Amino acid sequence: MIYLDNHSTTRVDPRVIATMSSMMEIDYANAGSTTHLAGREVALKVSQSIRSIASCLNLDPDLAPDELVMTSGATEANNLAIFGVCLHPRQKRRQVVSVVTEHRAVLDPIERLEQQGFEVVLLPVWPQGHELVGQIDLERASQLITDKTALVTVMHSNNEIGSFQPIQELSAICHRVGAILHTDATQTIGHESLDVSELGCDLMSFSAHKFYGPKGVGGLYVATRPSSIRLQAQILGGGQQLNRRSGTIDSVGVVGMAEALRLAVKELPEATDRDRNLRGRLWKKLQAIEGECFRLNGPALIARHRLARNLNIEVEGIEGQTLMLLCEELCMSSGSACTSAEPLPSHVLQSIGLTADQARCSIRFGVGRFTTELEIDQATSMIAESLRSVTR
Ligand SMILES: Cc1ncc(COP(=O)(O)O)c(C=O)c1O
């Protein structure tokens, strides 16, 4: 099996597994049970891990308990950010601004808000052929974001075409009119260097399983400066995590996530170069397949606003689903993981101007830490063979 679907999830790094195993075997007490030593020891490990996550994001570790809420992943973090801000009892504004290419974990919550009477504005992105393909038009954004806007939610990098959004510039636009800026940085964190303070966002979601950590754990950064962002809790219960997210904290997951992020940040420059080279090799080898026509979807591979590990291509004359069935031993995808089971063509690809048919004929690859050059070569041979075997 060759795994080239690292946008959907990543393999847990064995070093992370080792850290988590020891937590499961020895430090299994509830971090909330501070009445006994075992609980206090776990609570200490959890708080050290949250401080470490803060440091990796260039945040002040002393503010970590206030600024980081641990969740079950990015979907929950996005829901907490969106509903938490918009449904807060003191929220008077009734408009949400987002982008057509967002993940369903943003689009679905804002659709719910629309049903509840909020005005939702979805910004378009530059089309294929434009040098900023996939990015929003900042001028348009600044016209639409006003003192009526409660929340602006724009992803940091796209999970299908890897394009970055200009979050820093957007943050200035939002803050001029007092709107709160949330960014879903699920695909960026652990893969590209990122300084939250420089970015200027108020809320930011992330998820451990995208950076070689475990599934089912993630977090939401909630700025406390210049003032604390008011969030209405979405999960009520024992009042854990300063009442912002009740429920026993996933101590094993949080410790695993911190270790995964520490490793990712430590190895970042080499990892990004490696990913870029592997992705380049894949694209070059695909283009060398005789008699086939592949088109690149999204930003140019040399563009600075594209994730190093992302490749998205249109294969002329064959549907992505068909190619995936033919290449049984090759893991790739035709959209985002949660929607790739549906036969619907990608909304992201259509947003950059592809037709539904072109979107159906597209494939997304994500190389990663465990991908080898040999695997890239084998993957392209498999694709070449499968394409030869079909009559079109
Ligand atoms: C951009 C983006 N946001 C949110 C999610 C959902 O993350 P999780 O699986 O942690 O809920 C994903 C995962 O596919 C993603 O790529």
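Read the numbers this way: they start at 1 and go in the same order the structure lists the ligands and their atoms. Just so we're clear, the structure is a prediction, and the values are computed from it rather than from any experiment.
Here's the thing with Ser8: none of its N/O atoms is less than 3.5 angstrom from an N/O atom of ligand 1. Polar contact check, Ser157 against ligand 1: no nitrogen or oxygen pair lies under 3.5 Å apart. For the pair His7 and ligand 1, the shortest N or O to N or O distance does not fall below 3.5 Å.
Residue contacts with ligand 1 for Thr75 involve both N, CA, C or O and side-chain atoms from C-beta outward (heavy atoms, distance under 4.0 Å). With a heavy-atom cut-off of 4.0 Å, Met155 touches ligand 1 through its side chain alone. Residue contacts with ligand 1 for Glu76 are absent, since no atom lies close enough (heavy atoms, distance under 4.0 Å).
Thr34 and Arg40 share no side-chain donor-acceptor pair at under 3.5 Å.
Checked for salt-bridge contact, Glu373 and Lys285 miss the test: no charged N lies under 4.0 Å from a carboxylate O.
A ring-centre distance under 6.0 Å is found for His156 and Phe164.
Remark: ligand 1 atoms within the under-4.0 Å shell around heavy atoms of Gly73 are 10 (O). Short contacts between ligand 1 and Ser207, defined as distances under 4.0 Å to a heavy atom of the residue, involve ligand atoms 8 (P), 10 (O).
With a 4.5 Å cut-off between side-chain heavy atoms of Ile, Leu, Val, Met, Phe, Trp and Tyr, the cluster of Trp126 takes in Leu132.
Sorted by first and then second residue, the side chain to side chain donor-acceptor pair (under 3.5 Å) pairs with a member in residues 266-276 read Arg15-Glu267; sequence neighbours excluded.
With hydrogens and angles disregarded, a donor-acceptor distance shorter than 3.5 Å links the side chain of Ser21 to the backbone of Ile17.
Within a 6.0 Å radius of OH in Tyr28, other residues, nucleotides and ligands contribute 12 heavy atoms or fewer.
By heavy-atom distance, the residue among Arg104, Glu102, Lys210, His209 lying nearest atom 9 (O) of ligand 1 is His209.
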